[in-house]
Enquirer: 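Structure below; questions to follow.
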Amino acid sequence: MSARFEIAPPPSGPVPYPRELSIKLLTDMLRIRRLEEKCAELYGAGKIRGFLHLYIGEEAVAAGSLPALAPEDNVVATYREHGHALLRGVSMNAIMAEMFGKREGCSRGRGGSMHLFDAAARFFGGNAIVGGGLPLAVGLALASQMQKRKRVTACYFGEGAVAEGAFHESMNLAQLWHLPVAWFLENNHYAMGTSVERSESQTDFCIKAAAFGMPTLKVDGMDVVAVHEVAKRACAQVRAGEGPVFVEFNTYRFRAHSMFDAELYRDKAEVELWKTRGPIHTFSARLKDQGDLTEEQFLEIDRAVMAEVQRAVDFAEAGAWEPVEHLLKDVYAP
Amino acid sequence: MSARFEIAPPPSGPVPYPRELSIKLLTDMLRIRRLEEKCAELYGAGKIRGFLHLYIGEEAVAAGSLPALAPEDNVVATYREHGHALLRGVSMNAIMAEMFGKREGCSRGRGGSMHLFDAAARFFGGNAIVGGGLPLAVGLALASQMQKRKRVTACYFGEGAVAEGAFHESMNLAQLWHLPVAWFLENNHYAMGTSVERSESQTDFCIKAAAFGMPTLKVDGMDVVAVHEVAKRACAQVRAGEGPVFVEFNTYRFRAHSMFDAELYRDKAEVELWKTRGPIHTFSARLKDQGDLTEEQFLEIDRAVMAEVQRAVDFAEAGAWEPVEHLLKDVYAP
Amino acid sequence: MTITYREALRQGLYDAFEKDERVFLMGEDVGKYGGTYAVSKGMLERYGPERVRDAPLSELAFVGAGIGAAIGGMRPIVEVMTVNFSMLALDQIVNTAAMLRHMSGGQFEAPVVIRMSTGAGRQLAAQHSNTLEAWYAHVPGLKVVAAATIDDAHGMVLAALDDPNPVVIFEYPALFELRGDVVHPSVDIATAKVMRPGNKVTLVTYGACLHKTLEAAEAVDGEVIDLRVLRPLDMAPVFESVRKTRRAIIVDEGWRSGSIAAEIMARIVEGAFYELDAPLARVCREEVPIPYPKHLEEAALPQVEKIVAAAKELLG
Amino acid sequence: MTITYREALRQGLYDAFEKDERVFLMGEDVGKYGGTYAVSKGMLERYGPERVRDAPLSELAFVGAGIGAAIGGMRPIVEVMTVNFSMLALDQIVNTAAMLRHMSGGQFEAPVVIRMSTGAGRQLAAQHSNTLEAWYAHVPGLKVVAAATIDDAHGMVLAALDDPNPVVIFEYPALFELRGDVVHPSVDIATAKVMRPGNKVTLVTYGACLHKTLEAAEAVDGEVIDLRVLRPLDMAPVFESVRKTRRAIIVDEGWRSGSIAAEIMARIVEGAFYELDAPLARVCREEVPIPYPKHLEEAALPQVEKIVAAAKELLG
Ligand SMILES: Cc1ncc(C[n+]2csc(CCOP(=O)(O)OP(=O)(O)O)c2C)c(N)n1
Ligand SMILES: Cc1ncc(C[n+]2csc(CCOP(=O)(O)OP(=O)(O)O)c2C)c(N)n1
Ligand SMILES: [Mg+2]
Ligand SMILES: [Mg+2]
């Protein structure tokens with residue numbers, strides 16, 4: 001079992017936000033959750049194929065951090081990026097169509113689950129190479145710096161990526177050149193079946209990042225409030241020109257790594273324990289406690305989200321296949 | 001100018017060794033120095049070609065650390081490895097013949113200056129890829145560990161290599177698996193023309209290594225006594241099964257990076273300042289101070305070394321060229 | 001009783017572990033996860049974490065460590081999850097494993113076995129569908145083999161461990177459910193093999209394409225050759241076949257330009273030009289990163305119909 | 001007034017910097033050291049450390065950063081000191097730069113220019129003498145060019161910056177002292193070029209081998225074609241020439257198996273088989289890591305005499 005958070009109590013206490021913001025955060029988490037539950041179902045039905053990596057359990061990280069970004073900022077993510085794309089403003093329709101492989105998808109159907117892209121949202125993917133997004137983020141940030149734009153590049157990655165050389169080289173470049181990057185580490189404690197204790201000699205990732213001279217922040221990634229506060233602070237620092245910031249979000253995936261995972265490497269009990277800290281139900285409980293939410297309201301939100309999901313499925317179903325004649329399109333610029 | 005050691009006084013004080021050991025250390029340093037001065041000359045004469053990287057100024061590191069190793073230990077080095085090969089027991093003849101490209105060379109002439117190898121001495125090269133030796137060292141150490149042999153793998157590398165992903169990944173594996181590696185960082189403050197301040201966001205390399213949970217030691221690499229003491233300690237720890245140790249030797253190269261370097265990137269004054277800390281003259285001064293060495297004795301040692309160098313040149317000159325028919329030999333095992 | 005290609009791979013690993021205790025397996029998720037593709041499932045329980053060693057996501061260092069361990073006297077089998085990630089480890093494979101023997105004047109060898117899965121066909125999209133056999137086959141000092149059959153899935157790892165050179169073994173997830181018997185428990189890694197005799201056209205291939213090619217051969221009386229070894233190539237059966245059929249097509253899942261197919265064509269034109277009655281042809285991957293949707297992925301890859309069509313065109 | 005190849009490369013960089021202020025140069029020791037091969041000498045003083053940016057030894061990340069900066073709207077020229085070290089950066093070049101446009105459905109482009117020196121001939125031994133053009137030319141999404149002349153040394157970087165695709169430029173230290181005039185200040189990166197008309201045999205080559213091939217052509221009335229662009233290939237002048245000479249030899253500094261030469265041979269046999277009066281031949285690097293001594297290095301590489309001998313053999 002993972003050593004950390006084992007006995008930590010679930011997030012609790014008052015939510016210090018206007019009700020509108022609270023409801024938005026809750027809705028955002030639910031949108032990811034319901035979207036992905038539907039994806040899992042559609043995978044079973046053969047509508048979605050290839051690799052599918054669900055974010056279920058980790059929704060507070062995307063939901064709390066993405067609103068800290070401005071439209072002109074950049075987002076770089078991994079293959080576990082449905083939530084990030086969605087909350088960055090890519091429509092659920094375009095995401096679902098992409099997973100179906102339809103031309104109405106956000107990558108014209110060519111990318112699938114692991115390669116969501118959206119130029120208008122400045123969403124730079126979707127990268128199926130672990131650690132592959134980090135150098136890209138360095139470059140995007142370098143461009144903004146040279147262009148003298150106050151633009152944050154937020155780069156999400158899993159803790160598995162920390163062992164890669166790409167992590168090390170990218171941290172050094174970012175700090176050395178004082179680049180405007182917010183490194184958002186989603187530590188869900190496992191890289192496929194490998195727990196952090198079995199892949200890292202140092203399991204405190206903030207210590208690793210601090211060794212580059214980088215300011216670090218660590219936060220409970222199951223608490224959307226904590227995430228949002230820290231993300232705002234990190235982005236403000238970066239935007240103010242103070243160089244990169246490293247944030248570790250401690251979180252957990254409730255589902256298997258991908259649809260091909262027998263989950264031999266962790267106890268059911270561990271998963272159940274983490275589920276007690278589930279970001280959606282703990283947050284709604286807090287909102288209910290303080291009178292910002294009723295069960296009826298919750299159900300209403302959920303119904304609206306489910307309707308959005310259904311519309312996305314319908315949209316994807318109704319989408320068209322890219323004609324085979326377009327196979328070689330966009331390999332090179334015309 | 002490099003910030004560190006700028007005002008540090010040259011190594012001084014009594015040498016706590018029996019005279020025999022002291023003379024050996026001095027002789028070893030001189031052997032490297034004279035060998036390489038001759039190489040520079042032979043490069044000018046066209047006898048040695050390709051890349052030639054001199055270790056002049058850094059001799060105390062090899063001279064002090066290699067005697068801490070036992071014959072069954074492994075040594076992995078870089079392209080700046082003449083001194084390491086020599087003090088590991090590769091004959092000067094075989095080294096010089098290698099630089100001439102003769103078949104009597106320690107790599108049959110195929111490797112040249114950057115690729116000295118010697119199986120008998122367990123000297124695993126000579127690697128022209130910066131950082132390339134580190135994963136190799138991890139593997140050699142892993143083999144010893146699995147074979148339950150008390151064997152240290154000493155891996156030398158420059159501070160430029162620290163920015164490479166290979167460094168990061170290798171440190172983690174070594175510490176995670178508790179492997180018997182002595183990481184010997186030769187920090188000469190420059191990677192070609194790039195000073196550490198311009199390549200590392202964190203210039204204290206021990207902090208970087210410590211972030212892997214690894215024990216670290218830092219030492220004046222211009223002081224052969226200090227080097228020897230620390231190397232013995234490090235090797236003892238590794239041999240005792242305490243896992244890897246990281247040692248940073250602070251040193252300086254007096255010559256250009258290679259024979260193609262105009263040295264635009266550093267002040268002459270800086271070089272001169274470091275020369276006052278030259279490992280050979282400061283060490284002989286100390287020996288003289290305490291009556292272990294006279295000028296006459298020094299000159300005698302030097303003459304013997306020069307004679308060894310001359311014999312090596314003669315040997316190399318008399319060596320044979322590998323016949324062209326052997327071009328494809330040893331690409332595959334027969 | 002037949003077994004699957006996946007089981008054959010696993011059986012080969014078990015046999016190797018039993019035969020030589022210097023053998024160990026190292027790679028991402030080979031142990032506790034049960035193997036990415038369940039190839040090494042059960043091995044951790046049987047042999048323990050020393051010999052079934054999960055590695056962190058550090059392709060460059062753990063592949064390099066495998067090379068180093070081989071130099072140090074062990075017999076590592078390094079699993080790179082897929083050829084896609086092996087790009088991160090190429091430096092160690094080329095600059096150390098492939099070159100060490102020669103540049104040390106024959107003093108050192110690195111008898112490492114590097115297994116990687118390769119190929120497309122499962123809708124994994126651009127970054128997870130590469131076929132880079134041609135890159136590896138370009139490098140002197142490496143032996144490169146491709147397991148297209150149950151026998152080879154089982155036997156190649158054993159043969160590779162018996163070889164003093166670094167050997168890269170390509171495995172094909174597209175074939176994991178293929179069934180058959182282990183007919184020859186021991187195989188060589190030196191020869192190409194005629195898999196179906198035929199008279200009208202020589203069809204040269206390797207890896208997952210073998211099975212499509214065999215199917216296509218039925219329609220055109222093709223003689224099918226499985227290269228098996230991509231470096232060093234064994235051209236003798238190809239030349240022999242071309243002398244008979246006077247026509248050849250190469251089927252290769254790699255991108256067309258710079259493919260293994262191109263090399264085979266070059267060899268045929270160098271060595272058997274006057275035997276040819278028609279131009280050589282090839283059926284390869286289209287020059288595109290593999291798109292996700294099934295219809296586009298299929299269109300990008302060699303297929304039975306394309307092979308048949310190419311053969312018919314050649315036969316005029 | 002003639003200039004050297006090195007000066008032409010430098011002039012191309014200066015021109016690029018003057019033309020577009022989004023252009024910057026990034027790589028190891030491009031600035032303060034003055035450029036490993038003094039190509040960028042003086043540029044730091046003129047343009048400052050932002051635009052002439054020394055990078056730490058981190059090939060994967062700084063090449064990736066160049067790609068990212070290109071995506072972000074800049075026009076980076078990334079220098080990888082030599083092709084040997086580019087192995088460490090391949091993942092970013094292939095999985096990001098080459099694939100991004102296609103897998104994003106055409107939304108993003110990465111117009112990065114990646115320069116690297118390549119080739120052997122200066123006794124730098126195994127790890128510093130690779131010629132890996134064939135690897136890069138295998139990858140869809142990349143444009144790959146080789147500068148063999150003064151015009152191309154000068155003009156290719158400008159043309160590459162004008163191209164919306166990622167472009168890899170190979171430069172040849174073996175040619176640094178070559179002298180000539182800049183005759184065409186602007187060049188395309190789309191076409192192959194006949195460098196010497198001839199009648200008896202077509203000699204196709206690129207990079208440093210061009211000059212050896214031109215010399216050899218004198219002895220055998222060869223028509224010499226400089227490919228210039230290794231991906232996508234321009235075969236038209238090759239076909240045209242072969243129609244005339246009916247014979248072709250490819251000269252390629254890369255290892256024989258899997259070389260660019262193999263691809264050219266495959267294309268000729270696919271496209272011009274019936275024009276050929278003789279087998280195709282190639283003169284390539286021997287299949288060995290380059291040994292250090294001069295006589296062995298020379299023996300390993302294509303040389304004028306070998307080209308002449310191959311031509312004479314073909315001419316019967
Ligand atoms: C370079 C590379 N190596 C291996 C893989 C296979 N792989 C895909 S996801 C994964 C685990 C990554 O874990 P982590 O970074 O923690 O992210 P998480 O999946 O937990 O979100 C692995 C090993 C890959 N995609 N890329
Ligand atoms: C991977 C790689 N990148 C670049 C080079 C070119 N290069 C050779 S030595 C060197 C500097 C290395 O500096 P450092 O590691 O500090 O060792 P030093 O030369 O100072 O001993 C560079 C950049 C190389 N050989 N390998
Ligand atoms: Mg994880
Ligand atoms: Mg240095």
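Throughout, protein chains are lettered first and strands after them, A, B, ... in sequence-line order, and every chain is numbered starting at 1. Given the structure is predicted, the values throughout are model-derived calculations rather than measurements.
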Enquirer: Does the Tyr332(B) side chain pair with the main chain of Pro232(C), one donor and one acceptor, at a distance under 3.5 Å?
Expert: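 No: the side chain of Tyr332(B) does not pair with the backbone of Pro232(C).
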Enquirer: Pick from Thr96(C), Asp91(C), Leu57(C), Ile67(C): which one has the most heavy-atom pairs with chain B under 4.5 Å?
Expert: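 Result: the option with the highest number of such pairs is Asp91(C).
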Enquirer: Chain B heavy atoms under 4.5 Å from Val112(C): which part of the residue, side chain, backbone, both or neither?
Expert: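 It is neither, since no heavy atom gets under 4.5 Å.
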Enquirer: Chain C: which of Val138(B), Asn74(B), Leu136(B) shares the most heavy-atom pairs with it under 4.5 Å?
Expert: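 Greatest number of close heavy-atom pairs with chain C: Leu136(B).
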Enquirer: Under 4.5 Å from any heavy atom of chain B, what part of Leu100(C) do you find: side chain, backbone, both or neither?
Expert: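 Answer is side chain: those atoms of Leu100(C) sit under 4.5 Å from chain B.
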Enquirer: Can you tell which part of Glu322(B) gets under 4.5 Å to a heavy atom of chain C, answering side chain, backbone, both or neither?
Expert: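 Contact with chain C is absent: no heavy atom of Glu322(B) under 4.5 Å.
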Enquirer: Of the non-hydrogen atoms in Glu169(B) and Ala61(C), which two are nearest, and what is the gap between them?
Expert: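 Shortest heavy-atom separation between Glu169(B) and Ala61(C) comes out as OE1-N, 2.9 Å.
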Enquirer: Below 4.5 Å from any heavy atom of chain B, which atoms of Ser104(C) appear? Answer side chain, backbone, both or neither.
Expert: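 Both parts, heavy atoms under 4.5 Å.
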Enquirer: Checking heavy atoms, do the side chain of Leu176(B), its backbone, both or neither come under 4.5 Å from chain C?
Expert: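 The side chain, not the backbone.
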Enquirer: If you count the non-hydrogen atoms of other residues, nucleotides and ligands that lie under 6.0 Å from NZ in Lys41(C), is the total more than 12?
Expert: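 Counting neighbours around NZ of Lys41(C), 12 or fewer heavy atoms of other residues, nucleotides or ligands fall under 6.0 Å, so no.
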Enquirer: Does any backbone or side-chain atom of Phe24(C) lie under 4.5 Å from a heavy atom of chain B? Answer side chain, backbone, both or neither.
Expert: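 The side chain, not the backbone.
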Enquirer: Is it the side chain or the backbone of Arg53(C) that comes within 4.5 Å of chain B heavy atoms, both, or neither?
Expert: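 For Arg53(C), the contact with chain B is made by the side chain alone.
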Enquirer: Is the backbone N or O of Gly132(B) less than 3.5 Å from a side-chain atom of Asn95(C), with the two atoms forming a donor-acceptor pair by type?
Expert: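 Checking the backbone N and O of Gly132(B) against the side chain of Asn95(C), no donor-acceptor pair under 3.5 Å is found.
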Enquirer: For Ala166(B) and Leu60(C), which heavy atoms make the closest approach, and how far apart are they?
Expert: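 Nearest heavy atoms, Ala166(B) then Leu60(C): CB-CD2, 3.7 Å.
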Enquirer: Are more than 12 heavy atoms from other residues, nucleotides or ligands located less than 6.0 Å from atom CD of Glu240(C)?
Expert: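 Atom CD in Glu240(C) is not packed in, count stays at 12 or less.
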Enquirer: Where does Phe123(B) contact chain C at under 4.5 Å (heavy atoms): side chain, backbone, both or neither?
Expert: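 Backbone of Phe123(B) only, per the 4.5 Å heavy-atom cut-off to chain C.
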Enquirer: How about CD on Gln147(B), more than 12 heavy atoms from neighbouring residues, nucleotides or ligands closer than 6.0 Å, or not?
Expert: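 Counting neighbours around CD of Gln147(B), more than 12 heavy atoms of other residues, nucleotides or ligands fall under 6.0 Å, so yes.
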Enquirer: Could you check His102(C) against Leu328(B) for side chain to side chain contact (heavy atoms under 4.5 Å, CB included), going step by step and ending with a plain yes or no?
Expert: CA-CA 8 Å; His102(C) 187 265; Leu328(B) 302 185; over 6 Å; no
Enquirer: Quick check: does any side chain N or O of Gln107(C) sit under 3.5 Å from a backbone N or O of Phe124(B), one acting as donor and the other as acceptor?
Expert: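 No.
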Enquirer: How close do Pro135(B) and Gln92(C) get, counting heavy atoms only, and between which atoms?
Expert: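 Heavy atoms of Pro135(B) and Gln92(C) come nearest at CG-NE2, 3.5 Å.
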Enquirer: Distance check, rounded to the nearest 0.5 Å: His115(B) atom NE2 versus Met103(C) atom CE?
Expert: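 It comes to 5.0 Å.
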Enquirer: Do side-chain atoms of Arg108(B) reach the backbone of Gly106(C) as a donor and acceptor pair under 3.5 angstrom?
Expert: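 No: the side chain of Arg108(B) does not pair with the backbone of Gly106(C).
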Enquirer: Under a 4.5 Å heavy-atom cut-off, does chain B meet the side chain of Glu59(C), its backbone, both or neither?
Expert: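 Just its backbone gets close to chain B.
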Enquirer: If I measure from the heavy atoms of chain B, does Glu50(C) come under 4.5 Å with its side chain, its backbone, both, or neither?
Expert: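 The answer is both parts of Glu50(C).
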Enquirer: Considering only heavy atoms, which portion of Met99(C) lies under 4.5 Å from any heavy atom of chain B: side chain, backbone, both, or neither?
Expert: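 When you check distances to chain B, no heavy atom of Met99(C) falls under 4.5 Å.
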Enquirer: Under a 4.5 Å heavy-atom cut-off, does chain C meet the side chain of Leu173(B), its backbone, both or neither?
Expert: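 Side chain only.
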Enquirer: Rounded to the nearest 0.5 Å, how far does CZ of Phe62(C) lie from OG of Ser170(B)?
Expert: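 If I round to the nearest 0.5 Å, the distance is 12.5 Å.
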